[in-house]
2 protein chains.
Amino acid sequence: MASAQITIAGTSAERVYDDLRAAIIGGEYAPGERLRAEALAARFGTSRTPVREALMLLEGDGLVEIEPRRGAVVRSFDPADLVDLYEVRALLEARAAGLAAARIAPADLALLEATCERVEGLTGNGARTIDTLIATNEDFHRILIEAAGSPRLSAALRTVAGIPRPFKTVFWNDASARARSLAAHREIIAGLRAGSSDRAESAMRLHVLNARDFLTEVMRERD
Amino acid sequence: MASAQITIAGTSAERVYDDLRAAIIGGEYAPGERLRAEALAARFGTSRTPVREALMLLEGDGLVEIEPRRGAVVRSFDPADLVDLYEVRALLEARAAGLAAARIAPADLALLEATCERVEGLTGNGARTIDTLIATNEDFHRILIEAAGSPRLSAALRTVAGIPRPFKTVFWNDASARARSLAAHREIIAGLRAGSSDRAESAMRLHVLNARDFLTEVMRERD
DNA sequence: GCGGGTCTTTTTGCATGCAAACGACCGGTA
DNA sequence: TACCGGTCGTTTGCATGCAAAAAGACCCGC
């Protein structure tokens with residue numbers, strides 16, 4: 001069964017890493033915004049040293065860009081990069097689903113089903129609902145990735161894990177996107193339960209590529 | 001055309017990162033060996049701060065393990081982990097080859113061919129020859145990955161990039177493995193030149209999975 | 001009003017001091 | 001002998017000082 005979390009927040013740098021990562025993904029810092037070490041240190045009640053370390057880790061996650069002697073900025077996601085990101089994610093998560101189909105524990109399968117039921121219970125459009133939808137969706141993907149049992153795949157996925165919240169918000173605000181996402185999750189679960197790697201893999205690939213297309217479409221309309 | 005190197009070694013931490021990475025991959029530090037910050041700082045003529053940063057980056061690359069308050073050790077590669085690593089690499093590099101087939105520049109194609117010719121010219125079994133073989137092989141894969149034109153794919157591959165030198169040495173000491181590797185590279189190049197994504201992708205997957213099987217076999221014999 | 005150059009301010013990157021945690025060692029006890 | 005608790009040296013992790021570089025403010029000439 002997949003464990004809930006790996007890090008027990010041992011060092012201060014890890015805590016800053018987790019919190020800052022959440023803040024960036026949560027949209028608290030806008031893409032392109034400068035991240036000054038001193039200000040972050042004050043915010044997190046620590047000094048610049050752990051902040052620097054957290055920023056370097058976030059650079060590895062593709063959430064922050066660091067230029068020597070010029071500091072760190074929140075990474076901007078242009079359409080081409082988002083497409084690139086989602087295609088790599090499709091590749092890796094599809095594999096994860098395929099691996100998981102062969103070995104997932106019943107307990108994890110139940111957890112995945114629980115996420116679907118939680119999503120079904122959410123019908124509103126309030127900020128609180130969107131928050132829960134985003135969190136539950138992340139639960140689904142995290143549980144599945146861990147169920148794949150491939151540490152290297154998990155590590156590779158960390159490089160394409162996070163995109164800023166505004167992108168997710170438009171997605172989860174769209175009723176049809178929401179419905180299709182739920183259906184896709186159910187399809188993936190069906191593949192997993194049947195032990196069919198092909199089916200789980202294909203369903204996941206389709207699911208992620210649909211998200212890619214949705215975002216592409218949204219960004220095209222914005223121009 | 002793919003550029004030779006990304007980093008211009010701006011900060012001290014990056015220099016330590018590059019050099020220490022090379023030292024670990026080069027087998028200078030044995031798996032399981034402890035990496036004390038002070039000693040490394042002395043070696044690289046700097047202080048512990050940039051060393052710490054480099055170690056955290058190397059942890060992201062899967063070359064080093066850091067336990068809070070207990071320090072860093074060179075990561076050990078057990079058979080299961082090597083298989084995991086190579087399978088993720090197969091997935092990612094196969095995709096890279098497929099992407100490259102559709103867009104590689106003639107200049108890069110020429111560079112790839114040049115690596116094959118260099119390998120063909122090497123017939124001995126001396127340490128110097130092995131060094132060149134390893135370096136040339138890495139050139140081939142690096143050029144191809146950059147030719148794929150997917151920054152996110154490159155980033156993901158960094159998490160499965162390095163394995164310690166001893167593993168590579170046994171591979172390149174084996175004449176038949178060497179010959180098959182060269183043939184595989186030529187096959188991949190043929191796919192690229194034909195603009196056939198399928199062919200390049202399949203050839204690359206086969207190539208990487210063959211390496212996986214070779215190493216698996218070697219390790220099985222050792223027990 | 002605008003561009004170029006200089007000076008000030010801010011911010012980064014590195015070195016180092018220091019407290020706390022870890023582990024090795026050692027003596028005592030069952 | 002095997003095991004347990006205390007002590008000490010070592011090493012980590014964080015805070016901070018400082019030099020150097022970048023960003024920004026300012027002024028001047030045009």
Side-chain angles (χ1 to χ4, degrees), chain A residues 5-24 28-76 158, chain B residues 5-24 28-76 158:
Chain A
Q5 193 69 15
I6 315 155
T7 52
I8 322 114
T11 71
S12 179
E14 276 182 66
R15 194 167 38 77
V16 174
Y17 167 74
D18 287 338
D19 293 354
L20 183 52
R21 181 190 170 97
I24 292 172
E28 208 165 325
Y29 295 97
E33 188 171 344
R34 248 186 105 181
L35 297 168
R36 278 186 216 79
E38 195 94 46
L40 292 173
R43 163 168 180 172
F44 293 110
T46 176
S47 77
R48 281 160 29 222
T49 307
V51 169
R52 269 183 66 78
E53 293 169 357
L55 287 171
M56 298 188 78
L57 294 178
L58 289 168
E59 190 186 28
D61 290 359
L63 284 171
V64 157
E65 277 172 323
I66 301 179
E67 267 185 302
R69 291 266 170 212
R70 313 220 8 213
V73 297
V74 180
R75 175 161 182 172
S76 308
R158 233 172 291 139
Chain B
Q5 191 71 15
I6 314 156
T7 53
I8 322 112
T11 70
S12 179
E14 277 182 63
R15 194 166 40 78
V16 174
Y17 167 73
D18 288 338
D19 293 355
L20 183 53
R21 181 190 170 96
I24 292 172
E28 207 163 329
Y29 295 96
E33 186 171 345
R34 243 185 113 183
L35 297 168
R36 278 186 215 77
E38 196 94 48
L40 292 173
R43 163 169 179 170
F44 292 111
T46 176
S47 77
R48 281 164 25 227
T49 307
V51 168
R52 268 183 67 79
E53 293 168 357
L55 286 171
M56 298 189 79
L57 294 178
L58 289 168
E59 190 185 28
D61 290 358
L63 284 171
V64 157
E65 275 173 324
I66 302 180
E67 266 185 304
R69 292 266 169 211
R70 309 205 28 198
V73 297
V74 179
R75 176 161 184 172
S76 307
R158 232 172 291 141

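Computed from a prediction, not measured in an experiment: that's the story for all the values here.
Among Ile66(A), Val74(A), Val73(A), Leu58(A), the single residue meeting the side-chain contact (heavy atoms from CB on, under 4.5 Å) criterion with Leu35(A) is Val74(A).
Ala13(A) comes within contact range of the sugar-phosphate backbone alone, with a heavy-atom separation under 4.0 Å but no base atom that close. At a threshold of 4.0 angstrom between heavy atoms, the contacts of Leu35(B) are confined to the sugar-phosphate backbone, with no base atom among them.
Between the CG atom of Leu55(A) and the C1' atom of dT12(C) there is a distance of 12 Å, given to the nearest Å. Whole-Å rounding puts the Glu14(A) CD to dG13(D) P distance at 9 Å. Distance, Arg15(A) CZ to dG13(D) P: 14 Å, rounded to whole Å. In this structure, the CZ atom of Arg69(B) is 11 Å from the P atom of dT12(D), given to the nearest Å. For Glu67(B) and dT11(D), the CD to C1' distance is 14 Å, given to the nearest whole Å. Residue Arg52(B) contributes atom CZ, which lies 15 Å from atom C1' of dG17(C) at whole-angstrom precision. Rounding to whole angstrom units, CZ of residue Arg48(B) and P of dT10(D) are separated by 15 Å. Taking atom CD of residue Glu53(A) and atom C1' of nucleotide dA15(D), one finds them 12 Å apart after rounding to whole Å.
Nearest heavy atoms, Ala13(A) versus Ala54(A): O-CB, 3.8 Å. Residues Arg43(A) and Glu28(A) approach most closely at NH1-OE2, 2.8 Å, considering heavy atoms.
Considering only side-chain atoms of Ala37(A), the nucleotide from dC14(D), dT12(C), dA15(C) that sits closest is dT12(C). Listed nucleotides dT11(D), dG13(D), dA15(C) differ in distance to Arg34(B); the shortest reach to its side chain belongs to dT11(D). When each of dT12(D), dC14(C), dC14(D) is scored by its nearest atom to the side-chain atoms of Thr11(B), the top-ranked nucleotide is dC14(C).
One can find a donor-acceptor pair under 3.5 Å joining the base of dT16(D) and the side-chain atoms of Thr49(A).
Arg36(B) has no side-chain polar atom (N or O) that falls below the 4.0 Å cut-off from OP1 or OP2 of dT10(D). Between dT12(D) and Arg70(B), no contact under 4.0 Å exists linking OP1 or OP2 to a side-chain N or O.
The shortest distance between side-chain heavy atoms of Leu20(A) and Val64(A) does not fall below 4.5 Å.
For the atom pair OH (Tyr29(A)) and CG (Leu63(A)), the distance works out to 13.5 Å, reported to the nearest 0.5 Å.
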